[in-house]
Structure formats: C-alpha cells, structure tokens
2 protein chains.
Amino acid sequence: MPQTPEPFDLSSYIPYRLAVAAERTSAALARRYREEFGISVAEWRVLVHVSDAGAVSIRDIHQRVHLEKSKVSRAASRLEEAGYLIKEVNGQDRRLLALRLTDKGQDLMAQLLPIAQAFQTQLKQLLDSQLEAFDSALQVLMEDDL
Amino acid sequence: MPQTPEPFDLSSYIPYRLAVAAERTSAALARRYREEFGISVAEWRVLVHVSDAGAVSIRDIHQRVHLEKSKVSRAASRLEEAGYLIKEVNGQDRRLLALRLTDKGQDLMAQLLPIAQAFQTQLKQLLDSQLEAFDSALQVLMEDDL
DNA sequence: CAGTATTCGTTGCACTTGCAACGGTGTCAA
DNA sequence: TTGACACCGTTGCAAGTGCAACGAATACTG
C-alpha cells in the first residue's frame, strides 16, 4: 500500500481561511484611510482607544487593543510626531504616560469614524444572516484557549 | 449641543475581531510547530502546496496560497536551505521553477499534517453549531469585493 | 525574423516587527 | 531608610516585510 501523503486542503483549513479573510478585511479598511490620512492599522487602534478612553497609558492600550507594547509605543510616537496626540506623564505614577488627542487628532477621528462605521455597516450587510453565528464564533476564537 | 465624539466600540468592530481571532489562531498553530520544527506560517503554506501539488512554481504558490511572490520566494529559499525542498528549472518554460519536496521534506510533512489536522478538529469542535455559518461568512469575506 | 512587451523569480531598499534588555520609577518588607 | 523586586515605556538588534526594479526567458507583433 503506497503511503499517499494524504492530501491536505489548505483552502478549507480554518486558520488559513481566517487569516485570508482578516487580511482582506484589514486591507480594505486600510485602503479607506491610509492613502488619504496616512494612518496604519496600529495607529488606528491607538487612536480609537485614546479617543474613547481619554487619558490612557501605553500599557492600557496594549492590554485593550491587542497590540505589543513596543508597537503601541512606536505608533503613539508617530501619532505624536504627526500632531494627533500628546504624551504627558501621569502625575500619580510617573512611570505611566497619559496619551490624549490634540484638536487635530479629534478632527482626524471625526473624519475616520464615519468611514469606519460605514465599513462596519457594509460588512454586516454582506454577512447578513450569518452575522450572528459569525460573531459568536469570533467570540470563541478571541477568548477560548486554543 | 456638545458634539460628543460618538463612542466607537472597537471590541465589536468586525475587522478588529477578525484580526484578533486570526492572529490568535495562527499563533496557536504556529506554537505547535514553530519551536519544534522551526517553520513559519509562510513556510507552512508553501510546504502544503508543494506537498499537495507536486512540482509547482513560485507563481503558482503565490496565486494559490495568498502570499506575496517575494514572500514565497524567500520562504522557498529558506526551505531549500533547510533541505526540505529543491528548486529545479521547468524544462518547458525556463523562467519557471519547479519546487519539489525532498525526502526530508516529506518526512516533515508527515509530522506536520497530523498536528494541523488535529488543530482543525479542535477548532471545529469549539465552533460546533456555528461552524457552518462561520465558514460561509469567511467565504464571503475571502471572495467578495470589500 | 527583429524588436518590443510581458512574465518569472530574485533582490535592494526602506520600513516594520518581535523580543530582550535597559533606565527610570514605584512598591514592599526588613 | 534601604535594598530587592516589579513595572512602565523605549530602544537596539536581527529578522521579516512590501514594493519597485532588475536580468533572464518567453510571447507577441509587424
């Protein structure tokens, strides 16, 4: 019996499908604001959290938005250099930073958020009846031990 | 009316959820063979396609497994250097390469494939009743224009 | 044919990434 | 108070990445 190296169908392999779908989705979103605003995905996540939560530390962002702390640090530095946010030292604990949006940063978010919302709406329409199951599947993959 | 910068919940944002789920899944899989076999995700995809399709070109792999051609080229070079595959020139069209697994490469796949299959099984069990909808949602995200 | 255009895989380059290590700061117990 | 320890953000470094440009090979066109 020849040991056929049992064919493996990558295109039905969940980690692969997930990676491709995520990459396409991120790329589609990035297209919508990278060229116009020069914002990367990492910077986008930092902006969202700072915009939402006010004065946050690098560590806060790291924990909340699933980014390496060095990635957060560098994204924040780029955003600071671009004038979208400022870094202050936290008075309570001087190891911590307190990141805040500048006016320019708030203007930026006022432009970015509608784009992001529209994309979310588009995706929801696309997924339609599968949305609910899709979402709870993602929840499992985001939280369970793998 | 103060223009509240309408809160944006990143944790319910599909591109974000998808990215996190994909990253966790890929990381979990990579853990299972990176340390033991020293194989990256790109190399894994190349291996799978070469293992499946026999003598393939860089371009074939590029189109089939969603990898930049330079990424494929470099992954293939690493795999060649590690002795898992060989590059021959295609006799019909000498611009093309024909990648093939070596015996060592086939041995490697014989070890990797069961691990990959087991992980797929684990994921299917985890997703369970949502699996079908999840899969067709991924199909949409992989194929439709976004 | 000759000459141009196209395709293939590689590579140079600038940039990003992950990881470990670092200095600066705070905590806690002796 | 002092010393050991833990935590924060940054950075050095090696490796990986995307993109454009390249030489080699082939296809096309007149």
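Below, chain A is the first sequence line, B the second, and so on; all start at residue 1. No hydrogens, no waters, no symmetry mates; every other heavy atom, side chains included, goes into these values. Please read these numbers as outputs of a predicted model, since none were measured by experiment.
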Point to revise | Gap between atoms CG and P, on A:Asp93 and C:dC28 respectively (whole Å) | key: 12 Å
Check your understanding: Pairs in or reaching into residues 120-146 of chain B: which pass salt bridge (charged side-chain N to carboxylate O under 4.0 Å, His left out), with residues at least two apart or in two chains?
Key -> A:Arg17-B:Asp135
What nitrogen or oxygen pairs link the protein and nucleotides 22-24 of chain D at under 3.5 Å?
none

Please report, to 0.1 Å, the donor-acceptor pairs under 3.5 Å made by any side chain of residues 60-70 of chain B, with sequence neighbours excluded.
| from | atom 1 | to | atom 2 | distance (Å) |
| --- | --- | --- | --- | --- |
| B:Asp60 | OD2 | B:Ser57 | N | 3.3 |
| B:Asp60 | OD2 | B:Ser57 | OG | 3.2 |
| B:His62 | ND1 | B:Leu67 | O | 2.6 |

Practice item. Tell me whether the OP1 or OP2 atom of C:dG9 has a side-chain N or O from B:Lys87 closer than 4.0 Å. Key: no
Point to revise | Spacing between A:His62 atom NE2 and D:dT10 atom C1', to the nearest angstrom | key: 14 Å
Exercise for review: In whole angstrom, give the distance that lies between atom CG of A:Leu99 and atom C1' of D:dG9.
Suggested key: 10 Å
Review point. Who are the side-chain contact (heavy atoms from CB on, under 4.5 Å) partners of A:Ala75, not counting sequence neighbours?
Key: A:Ala42, A:Glu43, A:Val46, A:Arg78
Practice item. List for me each residue that meets side-chain contact (heavy atoms from CB on, under 4.5 Å) alongside B:Leu108, sequence neighbours excluded, and say none if there are none. Key: B:Phe37, B:Ile39, B:Leu47, B:Tyr84, B:Leu112
Revision key, fill the gap. For A:Tyr33, the ring-ring contact (aromatic ring centres under 6.0 Å, His included) test, sequence neighbours excluded, returns A:Trp44
Review point. Are the side chains of B:Val41 and A:Tyr16 in touch, meaning some heavy atoms are under 4.5 Å apart?
Key: no
Point to revise | Of residues 54-61 of chain A, the positions that come close to DNA chain D - non-hydrogen atoms, cut-off under 4.0 Å | key: A:Ser57, A:Ile58, A:Arg59
Point to revise | salt bridge (charged side-chain N to carboxylate O under 4.0 Å, His left out): pairs with one or both residues in residues 91-105 of chain B, sequence neighbours excluded | key: B:Glu88-B:Arg100, B:Asp93-B:Arg95
Check your understanding: In whole angstroms, how far is the P atom of D:dG18 from the CG atom of B:Leu67?
Key -> 9 Å
Review point. Do any N or O atoms from the side chain of B:Asn90 and from the backbone of B:Leu97 form a donor-acceptor pair under 3.5 angstrom?
Key: no
Check your understanding: Who pairs with B:Ala27 by side-chain contact (heavy atoms from CB on, under 4.5 Å), at least two apart in sequence or on another chain?
Key -> none
Point to revise | Listed once per pair and sorted, the ring pair (Phe, Tyr, Trp, His ring centres under 6.0 Å) pairs that draw on residues 95-144 of chain A, sequence neighbours left out | key: A:Phe134-B:Phe134
Practice item. Could you state the atom-to-atom distance from CD of A:Gln92 to P of C:dT25 in whole Å? Key: 16 Å
Study note, to complete from the structure: Its contact letters, B for base, S for sugar-phosphate only and - for none at protein heavy atoms under 4.0 Å, make nucleotides 13-18 of chain C read ----BB
Revision key, fill the gap. To the nearest angstrom, the CZ-C1' distance between B:Arg94 and C:dT7 comes to 15 Å
Point to revise | Qualifying residues under salt bridge (Lys or Arg N to Asp or Glu O under 4.0 Å), relative to A:Glu80, sequence neighbours excluded | key: A:Lys87
Exercise for review: Write down the distance between CG (A:Asn90) and P (D:dC8), rounded to a whole number of angstrom.
Suggested key: 12 Å
